[in-house]
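Okay, so here's the structure we're looking at.
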Amino acid sequence: MLISEPTLREKLEENYSHLFESKFLDEIIKVGFRSSIKRGGLLIDIGEEMTHIPLILSGVIKIIRKENKKELVLYFLEHGDTCAISFANCINRQQSIFKGIVEEDVDMVLLPVDKIDKWLVKYESFRHFIIDSYHFRLLEMVESIDDLAFLKMKERLLKYLKNIANTSNDLNLEITHQEVATDLNTSRVVITRLLKELHDEGKIYSKRNKIEILEN
DNA sequence: ACATTAAGTGATT
DNA sequence: AATCACTTAATGT
């Protein structure tokens with residue numbers, strides 16, 4: 001996709017103009033690569049090195065922690081977000097500690113590492129953006145830990161489902177019990193039973209490959 | 001019609 | 001809440 005495509009500036013302005021001055025947007029457009037990944041695609045895997053920092057224009061990315069075959073979903077990234085962890089990874093040439101899977105077709109601009117250092121000094125807005133991103137991700141991470149420690153699986157499940165519904169702006173989720181189980185690092189049987197309970201309580205409606213959120 | 005994949009369930013730990 | 005073992009239902013070829 002060409003960087004000069006007219007929609008790029010519009011999309012950038014739509015998501016980042018309240019953060020970045022137009023002079024900075026010009027630079028982003030000049031050196032950034034427009035890129036897109038389809039649902040199911042891999043943005044980054046654990047152990048890989050990142051060479052670019054993504055600014056997400058649309059779509060959703062699922063951030064996962066993985067430890068010997070077991071997985072746990074930590075949070076989702078959407079338009080206006082960036083992968084905060086990638087900054088440190090880029091600057092220090094460190095390997096990613098997360099896996100990023102595309103949950104909904106992603107459209108993004110990739111910023112090359114070598115520009116990042118200069119921009120951090122040159123643009124206060126960018127500096128603040130990075131620090132804010134880090135802060136927000138830290139809060140999300142703490143929330144994940146809290147959920148893990150203090151919530152029962154049924155509560156975690158409902159929260160997880162609502163979270164997806166929110167980020168994707170759709171109360172109808174196309175997802176299997178197995179996928180949910182994998183994301184929450186539990187077994188399919190457990191999810192099936194809890195979904196049935198939530199269904200009977202009128203909080204959701206579920207059938208094969210489909211879960212609808214009925215309450216907010 | 002048959003095979004495959006998704007979901008439901010009782011019993012046990 | 002996890003695991004096993006099995007059944008039933010939905011879907012693809």
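Here is how names work: the chains are called A, B, and so on, in the same order as the sequence lines, proteins then strands, and each is numbered from 1.
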- prompt: Do A/T192 and A/R188 have side-chain N/O donor and acceptor atoms under 3.5 Å apart?
  reply: yes

task: Please state how far atom NE2 in A/H199 lies from atom C1' in B/dG8, giving the value in whole angstrom units.
output: 13 Å

query: Looking only at N and O atoms, is any donor in the side chain of A/R188 or the base of B/dA6 less than 3.5 Å from an acceptor on the other one?
result: no

A/K154 side-chain N/O to C/dA1 phosphate OP1/OP2 under 4.0 Å: no

Spacing between A/H177 atom NE2 and C/dA1 atom C1', to the nearest angstrom: 17 Å

task: Would you confirm whether the ring centroid of A/F129 sits within less than 6.0 angstrom of the ring centroid of A/F20?
output: yes

Nearest-Å distance for atom pair CG/C1', residues A/L195 and B/dG8: 12 Å

task: Just say parallel, tilted or perpendicular for the rings of A/F126 and A/W119, cut-offs at 30° and 60°.
output: perpendicular

query: Separation of A/K210 atom NZ from C/dA10 atom P, in whole Å?
result: 14 Å

query: Rounding to a whole Å, what distance do you find between A/Q178:CD and C/dA9:P?
result: 21 Å

query: So what does A/S206 hit on the nucleic acid, given a heavy-atom distance under 4.0 Å: a base, only sugar-phosphate, or nothing?
result: nothing

message: Counting distance alone, no hydrogens or angles: does the base of C/dT3 have a donor or acceptor under 3.5 Å from a partner atom on the side chain of A/R193?
response: yes

- request: Would you classify A/S187 as touching base, sugar-phosphate or nothing, given that sugar-phosphate means primed atoms plus P, OP1 and OP2, and contacts are heavy atoms under 4.0 Å?
  value: base

message: Take a 6.0 Å sphere around NE2 of A/H128 and say whether it holds more than 12 heavy atoms from other residues, nucleotides or ligands.
response: yes

message: From CG of A/D147 over to C1' of C/dA1, roughly how many Å is that when rounded to an integer?
response: 17 Å

message: Please report the distance, rounded to the nearest Å, between CE in A/M153 and C1' in C/dT3.
response: 14 Å

task: Nearest whole angstrom, please: distance from the C1' of C/dA1 to the CZ of A/F150.
output: 19 Å

message: Given the structure, check if the side chain of A/R208 and the base of B/dA7 hold any donor-acceptor pair shorter than 3.5 Å.
response: no

- request: Start with the C-alpha distance between A/N163 and A/Y160, add both sets of side-chain angles, then the distance that settles side chain to side chain contact (heavy atoms under 4.5 Å, CB included), and finish with yes or no.
  value: CA-CA 5 Å; A/N163 194 208; A/Y160 163 87; 5.5 Å; no

